[in-house]
Amino acid sequence: QVQLVESGGGLVQPGGSLRLSCAASGSIFIINAMGWYRQAPGKQRELVATITRGGSTNYADSMQGRVTISRDNTKNTVYLQMNTLKPEDTAVYYCNADVRTFIGSSYRAYWGQGTQVTVSS
């Protein structure tokens with residue numbers, strides 16, 4: 001099995017910053033893409049940012065310029081630096097990873113349990 005554990009969420013004032021981390025562990029042969037998604041109350045889960053194993057990134061238009069995704073392949077960890085946070089960024093942030101558990105297996109998507117980010121004064 002593969003586990004993804006997020007950390008770094010919390011309460012921050014508008015204009016503030018947070019850095020989220022997500023560490024993958026368990027039966028991992030290799031991880032391809034990793035990403036962050038978020039889900040606000042009453043809304044569908046949406047993309048925040050993704051990053052390939054080689055470091056190519058993709059950002060949601062709503063977050064472009066305010067977030068930076070990065071990863072450490074040696075630690076199977078992905079990070080999300082969020083700046084200039086707004087109240088509308090309040091959501092549960094989920095980590096995602098495409099994992100191959102053994103050589104020859106297919107990639108499968110795994111999710112973390114989520115970490116709450118609340119932007120409020």
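Note that these values count all heavy atoms, side chains included, but never hydrogens, waters or copies made by symmetry. Please read these numbers as outputs of a predicted model, since none were measured by experiment.
- Contacts of Val117 classified as side chain to side chain contact (heavy atoms under 4.5 Å, CB included), with partners at least two apart in sequence or in another chain: Leu18, Leu20, Met82, Tyr93, Val119.
- The two residues Gly114 and Glu6 make their nearest non-hydrogen contact at N-OE1, 2.9 Å.
- A search for side-chain hydrogen bond (donor to acceptor under 3.5 Å, both in side chains) contacts involving Asn32 returns nothing, not counting sequence neighbours.
- Under the 4.5 Å side-chain criterion, counting only non-hydrogen atoms from C-beta, Leu11 is in contact with Ser120.
- Atom-to-atom distance recorded for Ser25:OG and Lys75:NZ is 14.5 Å, nearest 0.5 angstrom.
- At least one side-chain heavy atom of Ile30 sits under 4.5 Å from a side-chain heavy atom of Arg53.
- Ile28 and Tyr110 fall within the same hydrophobic cluster, where Ile, Leu, Val, Met, Phe, Trp and Tyr residues are linked whenever their side-chain heavy atoms come under 4.5 Å apart, directly or through other members.
- Taking OG from Ser106 and CG from Asp98, the interatomic distance works out to 11.5 Å, rounded to the nearest 0.5 Å.
- By the salt bridge (Lys or Arg N to Asp or Glu O under 4.0 Å) test, Arg66 pairs with Asp89, sequence neighbours left out.
- Two residues are said to be in side-chain contact when any heavy atoms from C-beta on lie closer than 4.5 Å; Asn73 and Ile31 fail this criterion.
- Contact check for Arg38 versus Lys43: no side-chain heavy atoms found under the 4.5 Å cut-off.
- Within 6.0 Å of CD on Gln44 lie no more than 12 heavy atoms contributed by other residues, nucleotides or ligands.
- Here the CD-CG distance, from Gln3 to Asn76, works out to 12.0 Å after rounding to the nearest 0.5 Å.
- Side-chain contact between Gln116 and Thr90 is present, with heavy atoms from C-beta onward closer than 4.5 Å.
- There is no path of hydrophobic side-chain contacts, each under 4.5 Å, that joins Ile103 to Val99.
- Nearest heavy atoms, Gly35 versus Ile69: CA-CD1, 4.1 Å.
- Between Trp111 and Cys95 the shortest side-chain heavy-atom distance does not fall below 4.5 Å.
- Looking at every heavy atom in both residues, Gln113 comes nearest to Leu4 through OE1-O, 3.3 Å.
- Hydrophobic clustering (ILVMFWY, side-chain heavy atoms < 4.5 Å, transitive): Met63 and Val92 are in distinct clusters.
- Between the Arg100 side chain and the Phe29 main chain, no donor and acceptor come within less than 3.5 Å of each other.
- Note that CG of Leu80 and OH of Tyr59 are 8.0 Å apart. Values are rounded to the nearest 0.5 Å.
- Using a 4.5 Å heavy-atom threshold, the side chains of Thr50 and Thr52 count as separate.
- When side chains are defined from C-beta on, Thr68 does not count as touching Tyr79, because their heavy atoms never get closer than 4.5 Å.
- The environment of Gln1 atom CD is sparse: at most 12 non-hydrogen atoms of other residues, nucleotides or ligands sit within 6.0 angstrom.
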